[in-house]
Amino acid sequence: MNIANLITAGRFVLVFVLVGMVYDAPPPWQLANPVLLTIIIALDGLDGYIARKRGESSLFGSVFDIAVDRVVENVLWIVLADLDLIPVWVALVFITRSLLVDSVRCHGAARGQNAFAMLRTPLARFLVAGRFMRGFYGFVKAAAFAWILLLQPWPAVFPSLWSAWSGPMTLTGEILVYLAVAVCLIRGVPVLLEFVVNEGLKRPPQHMGEPR
């Protein structure tokens, strides 16, 4: 039994449990949503650790893990936009970036290149493949999700506190969301630019007898 893949499948299920909580749970129950989100994020690290520890790493597991990562992230942005907790353009930025970058990486994978081997310049490698930037991006997204989910039930559960602190709390959420958007673009643009420069601007091979 592949435990790592079961954990990944568990994350897939839990994100839709979280969506159900966001839409239909009573406001006091929704205070648990950031905790559930934290569990989903923690399981993302656990499945990789288990796969390496038990020797369960595989192409299927890697693709499955990345696919669930994208589902979790994009579903949450769409849900938050649908509930008017974030502007809809934020969700569109993340979804568009995800589709474009993953398409480029699929092109590289078809040629035997991993996600980061396609990057040529040191700056691109730092922004996209560097451990600091990857960790920072994950932290900012997680903080933005958790903070927005925490704010959702506050007006109903803590009306007096919300009346006094809604301004600073809302501003904090906006800062986290816009920071996540900025880092999303900063890490996505180099992938697309290098793909255009290294692949899109190449001249197609000339057939024999064709004029140059």
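Scope of the values below: all heavy atoms of this structure, side chains included, with no hydrogens, waters or symmetry mates. Throughout, numbering of the chain's residues begins at 1 and tracks the sequence.
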Is the shortest side-chain heavy-atom distance between [X] and [Y] below 4.5 Å?
X: V101; Y: V128; value: no
X: I148; Y: L176; value: no
X: L36; Y: L149; value: no
X: L179; Y: F136; value: yes

Would you kindly confirm whether [X] and [Y] end up in one hydrophobic cluster when ILVMFWY residues are joined by side chain heavy atoms under 4.5 Å apart?
X: V177; Y: L92; answer: no
X: L31; Y: V35; answer: no
X: F139; Y: F132; answer: yes
X: Y137; Y: F126; answer: yes
X: W147; Y: I86; answer: no

Residues in salt bridge (charged side-chain N to carboxylate O under 4.0 Å, His left out) with R70, at least two apart?
->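 For R70, the residues satisfying salt bridge (charged side-chain N to carboxylate O under 4.0 Å, His left out) (neighbours in sequence not counted) are D102.
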Quick one: [atom1] on [X] to [atom2] on [Y], what's the gap to the nearest 0.5 Å?
X: N33; Y: L151; atom1: CG; atom2: CG; result: 12.0 Å
X: L6; Y: L43; atom1: CG; atom2: CG; result: 12.0 Å
X: I39; Y: L46; atom1: CD1; atom2: CG; result: 12.0 Å
X: I3; Y: K53; atom1: CD1; atom2: NZ; result: 15.5 Å

Holding to side chain to side chain contact (heavy atoms under 4.5 Å, CB included), I want the full list of residues that pass it with [X], two or more places apart in sequence or in another chain.
X: A25; answer: M21, W29, Q30
X: D65; answer: T8, R11, D44, D47, D69
X: V79; answer: V19, V22, Y23, V75, L83
X: L127; answer: L123, M133, I186, P190

Run the ring pair (Phe, Tyr, Trp, His ring centres under 6.0 Å) test against [X] and tell me which residues pass, sequence neighbours left out.
X: W154; result: F158
X: F12; result: F16
X: F64; result: F60

Under 3.5 Å, sequence neighbours excluded: what are the donor-acceptor pairs made by side chains of residues 162-169?
| unit_1 | atom_1 | unit_2 | atom_2 | d |
| --- | --- | --- | --- | --- |
| S166 | OG | W162 | O | 3.2 |

Which ILVMFWY residues can you reach from I78 by hopping between side chains whose heavy atoms are under 4.5 Å apart?
->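 I95, L99, listed by chain and number.
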If you look only at pairs with a residue in residues 168-184, which of them pass as a salt bridge (Lys or Arg N to Asp or Glu O under 4.0 Å), with sequence neighbours excluded?
->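 Sorted result for residues 168-184: empty, none.
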What are the two closest non-hydrogen atoms of [X] and [Y], and how far apart are they?
X: A146; Y: P34; answer: O-CG, 3.7 Å
X: A81; Y: P87; answer: CB-O, 4.3 Å
X: G188; Y: R97; answer: CA-NE, 3.6 Å
X: F94; Y: C184; answer: CE2-CB, 3.5 Å

Could you walk me through whether V90 and L80 pass the side chain to side chain contact (heavy atoms under 4.5 Å, CB included) test, one step at a time?
-> CA-CA 10 Å; V90 171; L80 296 183; over 6 Å; no
Report the relative orientation of the aromatic rings in F145 and W77; use parallel for angles under 30°, tilted for 30 to 60°, perpendicular for over 60°.
->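 F145 and W77: tilted rings.
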State which residues pass side chain to side chain donor-acceptor pair (under 3.5 Å) with N74; sequence neighbours excluded, sorted by chain then number.
->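 Applying side chain to side chain donor-acceptor pair (under 3.5 Å) to N74 gives none.
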Determine, stepwise, if the pair L18 / L76 fulfils side chain to side chain contact (heavy atoms under 4.5 Å, CB included).
-> CA-CA 9 Å; L18 177 58; L76 288 178; 3.8 Å; yes
